[in-house]
> 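For reference, the structure I am asking about is given below.
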Amino acid sequence: MADNNNKPISSTCEEKSHEPNDELNIDSLTIDESKKKTNRVLDETKDSEIKTVTSGDTLYSTALKFEDLNLSEDLLKGLYVEMEFSHPSKIQSISLPMILTPPYKHLIAQAHNGSGKTTCFVLGMLSRVDPKLKAPQALCICPTRELAIQNLEVLMKMGKYTGITSYSAIPLYKTHDLQIAKRPPITDQVVIGTPGTIKKLMSFKKLSTREMKILVFDEADNMLAEDGFKADSWRIIKDIERSSVYCQVLLFSATFNETVKDFVSRVVTDGNQLFVKKEELSLDVVKQYKVNCPDELAKIQVIKDKIFELAENLGQTIIFVNSRKSAIELHKALEGDGWECSTIHGSLSDDQRYQIVKQFKSGRTKILISTDLLARGFDQSQVTMVVNYDLPVKWDTPRGPDYEVYLHRCGRAGRFGRRGAVFNLLCTDREHMLMQKFEEHFENHVVEISDWKSDDDFNAALKAAGLL
DNA sequence: AAAAAAG
């Protein structure tokens, strides 16, 4: 679990209890340390505190073993053989009983980056679906195509022996309305995709919501945000509400904000909740640094001399920028000097995007420049370094720090408790000010690399991060 | 004046 902190959790979101809520004391439920086996890569020796608020009077136990969850043999085989899991991770052990126990309450679950949120809701979908019923019964909505594809891959792997089929609701090729109209209705049990395509399939009556049992919002805060996909999400959920008897809603993300709480109080009332403190969210497994750069040229020089030269063989790196233009310009500047890296952003073609991600996931590309397209959810365990070439800012004026995006970007490194380093390249006064805000907000000190030219300083930083 | 999805 991506967490090293044992601070107790303060009250989170207690104000929106619509009915008497029973708070579970997680301490009394935690697994006996001596009986706990080490998961494949997950380091759970220092468990985080997870705050749970349950609704109604259903009692939930934690699942110490997958066998405790009444899963089908086929699904268990997928977990052990394909996924190579030995036992549920912490978030899984708490959330899965909540997802799988009647009356199948809604769930809002916050968990660390790289702690296995995806496996939670994928397992939830696979086990709630009836393989014999040839109709869509589970729907998962994601903010990007890349994330939808990634989730589908996990689903197919985990569900390999179940016979459950899935449908990818993303615009992979040029889909004209005429072509959609001519297609038969979807009979696959699980549908994963992006809002536009899902809406379209629904309006063409190709995606029936009549048998829908479970609806998942991945990166839920983004899916429900005003400047995100709020309108689409609301329409989809209303459509489902109208046609199906009862559909369980799962909201998963590492970050949650006020918009989600509004949604929760109006739509997903009467649900269970899991929360962790913001200070505990992933920012202590990856080591953060700020690099003082006198000007923009120095930033590029740091990428060339330090990131490429010193760190290229330490794993993979994602360099985040704030705009497509910035991505293209940085790529040109590096390419002009013969440095090889790839770049991804939303104005590339579907196929280009797909190929670039595929190449990076195969490990053939070491360094990838990206917009916030890949800020959330992108899971590549070899990513050891994240570079914020630009710091993430909110688009409204005055442009303030975007804490959520900062956290999500950092979460691309240090997957499943692995080591990682984040380098924030700072040049202007505004950037220094923003950085200070990030430090204050997450209550952690970010070490400064004052001499951007010093190899020794960078080597020391990489060593401190556990990468050398 | 932005990223994302789509039209």
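In what follows, chains are A, B, ... by sequence order, proteins preceding strands, each numbered from 1. As a basis for the values below, the full set of heavy atoms in this structure was taken, side chains included, without hydrogen atoms, waters or symmetry mates.
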> Rounded off to whole Å, could you give me the CD1-to-C1' distance for the A/Ile141 and B/dA6 pair?
15 Å
> What about A/Tyr403 and A/Phe438, are their ring centers closer than 6.0 Å?
yes
> Give a yes/no answer on whether the side chain of A/Arg145 brings an N or O atom under 4.0 Å of OP1 or OP2 in B/dA6.
yes
> To the nearest Å, how far apart are A/Ile149 CD1 and B/dA5 P?
10 Å
> Check this one for me: any side-chain N or O of A/Thr194 less than 4.0 Å away from OP1 or OP2 of B/dA4?
no
> Suppose we call two aromatic rings close when their centres sit under 6.0 Å apart. Are A/Tyr289 and A/Phe458 close by that rule?
no
> Applying a 4.0 Å non-hydrogen cut-off, can you work out what A/Asn322 is touching in the nucleic acid: base, sugar-phosphate, or nothing?
sugar-phosphate
> Starting the side chain at C-beta, find the nucleotide from B/dA5, B/dG7, B/dA3 nearest to A/Asp372.
B/dA3
> Without decimals, in angstroms, what is the distance between A/Leu374 CG and B/dA3 C1'?
11 Å
> Output the rounded distance in Å from CG (A/Asp350) to P (B/dA4).
13 Å
> Would a line drawn from the ring center of A/Tyr246 to the ring center of A/Tyr104 be shorter than 6.0 Å?
no
> Could you point out which residue of A/Asp402, A/Asn113, A/Asn424, A/Asp372 forms a side-chain hydrogen bond (donor to acceptor under 3.5 Å, both in side chains) with A/Arg409?
A/Asp372
> Do A/Glu404 and A/Lys394 pass the side chain to side chain contact (heavy atoms under 4.5 Å, CB included) test, and can you show the C-alpha distance, the side-chain angles, and the key distance before you say yes or no?
CA-CA 10 Å; A/Glu404 283 82 18; A/Lys394 289 217 162 68; 3.8 Å; yes
> Select one nucleotide: of B/dA3, B/dA5, B/dA1, the one nearest the side-chain heavy atoms of A/Arg353.
B/dA5
> Between B/dA4, B/dG7, B/dA1, which nucleotide has the shortest distance from any of its atoms to the side chain of A/Arg399?
B/dA1
> Could you state the atom-to-atom distance from CG of A/Asp227 to P of B/dA4 in whole Å?
13 Å
> I need the CE-P distance between A/Met223 and B/dA6, as an integer number of Å.
10 Å
> In whole Å, what is the span from the CZ atom of A/Arg376 to the C1' atom of B/dA4?
11 Å
> So does A/Arg324 get a side-chain nitrogen or oxygen closer than 4.0 Å to the phosphate oxygens (OP1/OP2) of B/dA4?
yes
> Can you measure A/Ile236 atom CD1 to B/dA6 atom P for me and round it to whole angstrom units?
10 Å
> Just compare B/dA3, B/dG7, B/dA6 and give me whichever is closest to any side-chain atom of A/Thr197.
B/dA6
